[in-house]
Amino acid sequence: MYNITLIPGDGIGKEVTDAMKKVVEAAGVNIVWDEVEAGEKVIEKYATPLPDYVIDSIKKNKIAIKGPVTTPVGKGFRSVNVALRKALDLYANVRPVKTFEGIKSRYDNIDLTIIRENTEGLYSGIEHSVGDFAGESIKIITKEASDRIVDFACKYLKNNDYKRLSCVHKANIMKISDGLFLREFYEICSKNGIEKSKASDKDKEIYADDVIVDAAAMNLVLNPEQFDVMVMPNLYGDILSDLCAGLVGGLGIIPSANIGKDYAVFEAVHGSAPQIAGKNIANPTAIIQSAIMMLRYMGENKPADLIEDCLKEVFIEGKILTEDLGGNAKTDEFSEELCRKIKLKRA
Ligand code: NAI
C-alpha cells in the first residue's frame with residue numbers, strides 16, 4: 001500500500017484526477033490518496049494559495065500527483081506550481097513527448113523528452129517596477145543548478161536508450177547567463193562520457209550538441225524526429241514543451257514529472273482549461289500518463305505498462321476519443337473504456 005498526496009487543482013482538475021484515480025485502481029495498485037487543496041479556493045481561509053499542509057503532506061509521502069492550478073495573469077499571487085517546485089527543490093521537469101498511433105497529428109515518429117531546469121532562470125520571481133516606466137525581471141543561472149540538471153539529463157539519456165542530448169540556449173545574446181549554462185552542459189556531458197558531436201560523428205552511440213532556442217523552435221516544427229533529449233533553462237522549457245505538445249496532438253496528452261533529490265510531483269503539462277471545466281469533456285490522458293510516470297518512479301512497472309498498453313489500444317481503435325482528439329466521448333466514457341480494458345487484461 002502506498003500513501004500519495006493528491007492535489008486535484010482547479011478547473012478541469014477534479015474531472016481528470018478522478019478519472020486517473022479510477023484507472024490506477026483498475027490496474028491494481030493500492031494507493032491511499034492524501035487529498036489536499038491548493039490555489040485560489042484556499043486563499044481566503046489560509047491567506048496563501050499554498051498552505052503548509054500541502055508541503056507537509058508531500059514531505060511525508062515523498063510523492064504527489066497534481067491537477068492544474070489556476071494562476072492569475074499580471075496580478076495576484078505567484079504561481080502555486082512554481083512555489084511548489086521551489087519549496088521542494090524539484091529541480092528537474094521531465095516532459096516526454098511521443099506520437100500515439102491513432103491520434104491525428106502532423107508527424108508519425110516523434111519520441112523526444114524535454115528536460116527543463118525548474119528552479120531558477122527567469123522564473124526566480126525576482127521582479128520589480130522602476131517607477132511607472134519600466135519593469136525588471138532578473139534571470140539567474142547558477143553553476144550548481146546547471147550542473148545538476150545537465151547531469152540529470154545525461155543519466156536520463158542513458159537510462160532511456162536515447163542517443164542525442166541537445167542543449168537549448170540563447171548564449172549568442174545572453175553570453176553570461178546562458179553562456180554559463182552552455183559551458184557547464186559540455187563539461188558535465190563529458191564527465192558522463194557524452195562527447196560533443198562533430199557532423200562526421202553522427203554514427204556515435206551517444207553524443208551532445210547545442211541548438212539556439214529560436215533555431216530549435218523552427219527545427220522542432222520542420223523535423224522533430226531528429227531530437228531525442230533536450231535540456232534547457234526554465235522559460236525555454238516552458239515554451240518548447242507546449243510547442244511539442246502541439247506536434248503530437250495537443251496539451252490533452254502530455255505528462256510531466258517534477259523530480260528532486262527527495263521528492264517527486266507528477267502533473268499534466270496543461271492548465272486548468274476554465275473554458276471546458278465542469279463539462280465532462282476534458283481529456284484525462286495527460287494526467288493518466290503522468291500517473292504512468294509516477295508508477296514507474298515507484299518501481300510499479302507492471303501496472304504502468306498495462307495502463308500504457310490499454311491507452312494505446314483505445315487510441316488505435318479510435319472509437320472512444322475526447323473532443324480535443326476529434327471524438328465526442330465524455331471524460332468518464334473515456335476512462336471507463338480504459339478501465340474496462342485494464343480489468344479484462346488482468347482477469
Ligand atoms: P490550458 O492548458 O488550461 O488551456 C490551453 C488550451 O488547451 C485550451 O483551449 C484548453 O481548453 C485546452 N486543454 C488544456 N487541457 C486540456 C485537456 N485535458 N483536454 C482538452 N483540452 C485541454 O492553458 P491556459 O488557458 O493558458 O491556462 C489556464 C490556467 O491554467 C491559467 O491560470 C494558467 O496559469 C494555469 N496553468 C496551470 C498549470 C499547472 O497547474 N501546471 C500549467 C499551465 C497553466
Side-chain angles (χ1 to χ4, degrees), residues 5-20 23 36-43 49-50 54 58 64-88 90 93-95 100 103-105 114 116 118 123 125 234-235 237-258 264-291 293 311 314-315 320-335 338:
T5 302
L6 171 68
I7 306 166
D10 329 293
I12 58 172
K14 182 159 168 39
E15 294 156 73
V16 294
T17 53
D18 277 352
M20 179 278 298
V23 169
V36 288
E37 294 290 0
E40 209 148 29
K41 56 187 140 188
V42 302
I43 287 191
L50 186 60
V54 178
I58 302 175
I65 187 158
K66 69 173 276 294
V69 176
T70 305
T71 309
V73 176
K75 58 179 167 59
F77 60 85
R78 281 195 193 288
S79 161
V80 166
N81 309 305
V82 174
L84 203 55
R85 292 166 193 164
K86 283 191 117 182
L88 299 167
L90 304 169
N93 190 298
V94 183
R95 298 180 165 186
F100 268 112
I103 293 187
K104 260 197 218 130
S105 68
I114 302 250
R116 159 186 175 193
N118 232 357
Y123 290 57
N234 216 331
L235 176 66
D238 197 359
I239 297 170
L240 291 192
S241 49
D242 272 31
L243 184 153
C244 287
L247 301 177
V248 297
L251 279 167
I253 60 173
I254 303 297
S256 82
N258 300 284
V265 176
F266 298 82
E267 63 181 336
V269 168
H270 63 73
S272 53
Q275 317 87 331
I276 59 168
K279 295 186 177 162
N280 193 22
I281 58 171
N283 185 351
T285 304
I287 193 80
I288 291 170
Q289 290 225 81
S290 307
M293 290 179 85
L311 257 183
V314 174
F315 292 135
I320 300 193
L321 299 177
T322 44
E323 268 178 29
D324 57 313
L325 300 181
N328 53 19
K330 301 285 181 203
T331 310
D332 51 14
E333 285 167 347
F334 179 87
S335 56
L338 193 53

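Quick note: numbers below take in every heavy atom, side chains included, and nothing from hydrogens, waters or symmetry partners. All values reported here derive from a predicted model rather than from experimental measurement. Indexing begins at 1, ligand by ligand and atom by atom, following the structure's order.
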Inset, instruction - Could you tell me whether some N/O pair between Thr70 and ligand 1 is separated by less than 3.5 angstrom? - result: no

Legend entry - Charged tip of Arg116 within 45° of Tyr123 ring normal and under 6.0 Å: yes

Legend entry - Asn118 versus Lys86, side-chain donor and acceptor atoms under 3.5 Å: no

Inset, instruction - Under 4.0 Å from a heavy atom of Asp324: give me the atoms of ligand 1 that qualify, with their elements. - result: 20 (C)

Inset, instruction - Select the closest option to atom 1 (P) of ligand 1 among Gly13, Pro284, Gly271, Gly67, judged by heavy-atom distance. - result: Gly271

Legend entry - Nearest-0.5 Å distance that lies between atom CG in Leu338 and atom CZ in Phe315: 8.0 Å

Legend entry - Side chain proximity check, Leu50 to Leu84, heavy atoms < 4.5 angstrom: yes

Legend entry - Per-atom contacts of ligand 1 with Pro68, taking only distances under 4.0 Å to non-hydrogen atoms: 39 (C), 40 (O)

Legend entry - Proximity winner for atom 11 (O) of ligand 1, if only heavy atoms of Gly39, Gly250, Ala273, Gly11 are counted: Ala273

Inset, instruction - With heavy atoms only and a cut-off of under 4.0 Å, state how Ile12 meets ligand 1: side chain, backbone, both or neither. - result: side chain

Legend entry - Test item: side-chain donor near acceptor, Glu267 and Asn258, under 3.5 Å: yes

Legend entry - Short N or O distance, Gly252 and ligand 1, threshold 3.5 Å exclusive: no

Inset, instruction - Please work out which of Thr71, Ile287, Thr331, Ile281 has its closest non-hydrogen atom nearest to atom 32 (O) of ligand 1. - result: Thr71

Legend entry - Pair Asp10, Ser272: side-chain N/O donor-acceptor within cut-off below 3.5 Å: no

Legend entry - Proximity winner for atom 30 (O) of ligand 1, if only heavy atoms of Ala277, Ala286, Ser272, Ser256 are counted: Ser272

Inset, instruction - For ligand 1, find out whether one of its N or O atoms is nearer than 3.5 Å to an N or O atom of Leu251. - result: no

Inset, instruction - Taking only heavy atoms of Ala282 into account, list the atoms of ligand 1 that are under 4.0 Å away from them. - result: 19 (N)

